[in-house]
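Chain naming here is simple, since letters A, B, ... match the order of the sequence lines and numbering starts at 1 in each.
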Amino acid sequence: MYNAYEELFDRVKKPGRYTGGELNAVVKDWHKAKVRVALAFPDLYEVGLSHLGLRLLYYRINDQKEFLAERVYAPAEDMEAELRSADLPLFSLETRHSLAAFDLLGFSLQYELSYVNILNMMALAGIPLRRAERDGAGMGFPLVAGGGPGSFNPEPLADFFDFFLLGDGEDAILEILTIMAAGKEKGKSRAELKKDLQTVAGVYLPEFYRVEYLPSGAVAAVTPVNGAPPVVHKRVIPDLNRAYLPKKDLVPWLEIVHDRLALEIMRGCTRGCRFCQAGMVYRPVRERTGKLIEEHLAELLKNTGYEELSLTSLSSADHSEITELAGRLVACYTPEVSISLPSLRLDAFSPELAARLQGGKKSTLTVAPEAGTDRLRRVINKNLTEEEIIAMARTAFGGGWQRLKLYFMIGLPTEEQEDLDGLVTLARRVYEIGREFHGSRARVTVSVANFVPKAHTPFQWRPQAGIEEIREKQSFLRRRLAGAGRGLTFSWHEAELSFLEGVFARGDRRLSAVLAEAFRLGCRFDAWADKFRWDLWQAAFAATGLDPAFYTTRPRPREEVLPWSHLSAGVSPEFLWEENCRAEKGIPTPDCRDHYCTGCGVCTVFDLPFPPAKKAKAGGGKDA
Amino acid sequence: MHKMHKYRLRYAKYGPARFASHLDLGRALGRSLRRSGLQVAYSQGFHPLPKMAFGPPLPVGVESEAEFVDITFTGELADEEISRRLNAVLPTGLVVTGVLKLPPKTPSLMSLIDRFTYIFFFVISPEDAGEWDKEKTAAFLAALWQKEELPVVRKKQGRERRVNLRPFWYDYNFSFIEQGLLQVVVDVAYGPQGTLRPDELLPFFPSGWRLQKVVRGQAWSGGEPVLPVAVHRGRLRSIERNGQGIFD
Ligand code: SF4
């Protein structure tokens, strides 16, 4: 079997996506492992391997003698065709076993538009898509599981998955595998095994919850059955300094999206932007100490040889030791190793530090105003004023940078024409400042995303802007930004893509049928605009009789039972609703690390200490 | 400023490494050098790169026993130390098989190499294996060798150009490893006068010969193998592409 794939490799693009054999890949003895896990990412290798979380679990599992983990990524179209015509199953990179041969198949759920790829990957390995079918087949197929942000509303996937893990996976995964190993040894049935898995904190088994619907289509009730708890709370690692960290990291042959060493320096963010799901579901903030980060980086660099390292988190600039830490790393490693932060946001960094991090190259700096006016920024709790943004642009262009990127969203709650006008004015003003300093060499990129309301955020009750509305707003912006000059470019996202993302972000279980139908019709890689087939999706909705607008453009009353109401990220619904009301009135809520606890509830629920206060802003930047 | 010491490394590329492009290889070797802790010299600038100069690129998918790269170090090192420390950290599919300290002003690999040897490994299907004996194979290759024109169409920047491969084909040989398992050795020109890629020759072989793999076996300069020669005990021994170690 192992060699059967070799011939395929010669015929596909980028065979390195499938060959395995990367530095620090772990190839274990298949027969000696008690439990075998396939860690799957439903997107291309270059995207999937860039994802830190899956690499962490890969080493976490393989560090245990009795467990084995291998990797698999979504095959590109050409490989899918080769597999189908050769009648070979989708396989793991390490030992090239069919995904069907594993005990557990775990998918990383990073974004909604990759869900169809999940079904494709299962189908390519001959695994029945529906959980009920697999259950009917005895122990012949793996348990299918999911983790990552998508597991905070996994309902659209409920028909296909055996369980989801909410929250931090480092420790939970070993508890899960230990239960599976014991179950295997005792010859337990799938049903018995799942009952045991329910005891693991953070594990959610959709089959243990019955969902009933109102005639309107809204959820009437979610009722636990089989002794399941009424609410599943996410799993939390209380202290990152004692959490597992691998001593090595994969070094691919191919150039991948994030082709650098990455170390997570902090988890969670308490800035409280009301649109941001990550900011709500990964609370509270937990830091790794500078000392631990430095020691660990030294070890990882020695074992990987990477020429670039990245300090990752939701807002690395908020780490309480970031200035000192970045300074020490720059002194120690540059220029042979360059140091980066996920995005060098000027709203958090002084230009001097940014310059040092960029090795004096002064490439691009980023500012994320998110909305066009001070009023709308207060609504979304992104508390940055126009004056401050202008001042940042002045510092950046004056400090020698020629390129500035501005991030915005449209379709935000309470958005008016004035806010779009504000966006245009702001972008043009920033560009004018660039011209003042650099003339025709100044570049400003205005990147405008479409707002998609997400579960577990203050805006989870809000209507999403429809496709037409987004298109009109985009064309307005295009028209108004076009005349500003050659150095100002406008980039946007497809309205249909964001709309579909919104359907699944706040969807319910009935959408499983739409996913199955879209898969059958041939949808793949929907997150890639050139592969996205809106016509097929529309056909899938029509065939299943579900209206995508029901999930998106409809405002939801406070009393409505949300499809994810039995899943908890620790932040209370009362806090979210309160935040939603404050948004309406444009009242900001401060970061609990700058002020006092604002009562989101997460620290109380998990009995955790309040997060560490931020130190003085890194080099005097303004809080945003 | 440190005194610079230039070394020529010979290495083999096989298994999962055979799909690595020239760029991929540069990255992998650069990272391996960092891991090895050897005192490699870096270029100037914001993103310094290890000072490496590769020989002619190897077509993607082709394995090789004769790849070369010149690397500059900031200290004098024993040949053995370079190969030992690099081999300890190289990814599967790359192995250093020889090291040579270069005297100043040694010509670059690109200007030195004028000929390559490629080895094609073919499997002949069981039905046809009996028919393709030594005589018939010899006759077929001799007839091919006699031809004056071996035309191919090359695409460059969207324009198509007819090229005759024959002048770039220097020599050949063949042997049967066993019945149905054929090894054809071909020498081709390399340099400003032109070259041919091994895959360009494939259509001229019988369709019943199924290619298992191609290996670049040797690089030549003025009729002599390019130095260093392989001192590593490793030798290609299996034609299975199992991606695991195919070296002893
Ligand atoms: S419970 Fe309070 S201190 Fe803890 S994250 Fe929420 S708002 Fe911040």
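- Between B:Pro16 and A:Gly20, the closest heavy-atom pair is CB-O, 3.7 Å.
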Derivation and outcome, side-chain contact (heavy atoms from CB on, under 4.5 Å), residues B:Phe19 and A:Phe9: CA-CA 9 Å; B:Phe19 293 117; A:Phe9 295 159; 3.6 Å; yes

Test side-chain contact (heavy atoms from CB on, under 4.5 Å) applied to A:Glu7 and B:Gln212, step by step: CA-CA 9 Å; A:Glu7 241 179 85; B:Gln212 281 292 96; 5.6 Å; no

A:Lys14 vs B:Asp24, salt bridge (charged side-chain N to carboxylate O under 4.0 Å, His left out): CA-CA, chis, key distance, verdict: CA-CA 11 Å; A:Lys14 299 200 184 183; B:Asp24 296 340; over 6 Å; no

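- Other residues, nucleotides and ligands place more than 12 heavy atoms under 6.0 Å from the NZ atom of B:Lys101.
- For B:Val89, the part lying under 4.5 angstrom from a heavy atom of chain A is the backbone only.
- Residue B:Leu29 does not touch chain A at all, counting heavy-atom pairs closer than 4.5 Å.
- More than 12 non-hydrogen atoms from other residues, nucleotides or ligands lie less than 6.0 angstrom from CZ of A:Arg84.
- Heavy atoms from other residues, nucleotides or ligands lying under 6.0 Å from CG of A:Asp87 number 12 at most.
- With rounding to the nearest 0.5 angstrom, the CG atom of A:Leu254 is 8.0 Å from the OG atom of B:Ser21.
- Contact check for B:Arg27 versus A:Val251: no side-chain heavy atoms found under the 4.5 Å cut-off.
- For B:Arg31 (side chain) and A:Tyr306 (main-chain N/O), no donor-acceptor pair under 3.5 Å exists by modelled atom type.
- To the nearest 0.5 angstrom, A:Asp10 atom CG is 7.5 Å from B:Leu211 atom CG.
- At least one side-chain heavy atom of A:Glu336 sits under 4.5 Å from a side-chain heavy atom of B:Arg34.
- Among the candidates A:Gly16, A:Ser338, A:Gly305, the residue making the largest number of heavy-atom pairs closer than 4.5 Å to chain B is A:Gly305.
- Both the backbone and the side chain of A:Asp259 come within contact range of chain B, with heavy atoms under 4.5 Å apart.
- For the pair B:Pro48 and A:Pro335, the tightest heavy-atom approach, listed with the atom from each and the gap, is CD-O, 3.1 Å.
- Within a 6.0 Å radius of CZ in A:Arg403, no more than 12 heavy atoms belonging to other residues, nucleotides or ligands are found.
- If you take CG on B:Leu94 and CH2 on A:Trp253, they are separated by 3.5 Å, rounding to the nearest 0.5 Å.
- Annotation: A:Glu299, atom CD; neighbour count of heavy atoms from other residues, nucleotides and ligands within 6.0 Å is above 12.
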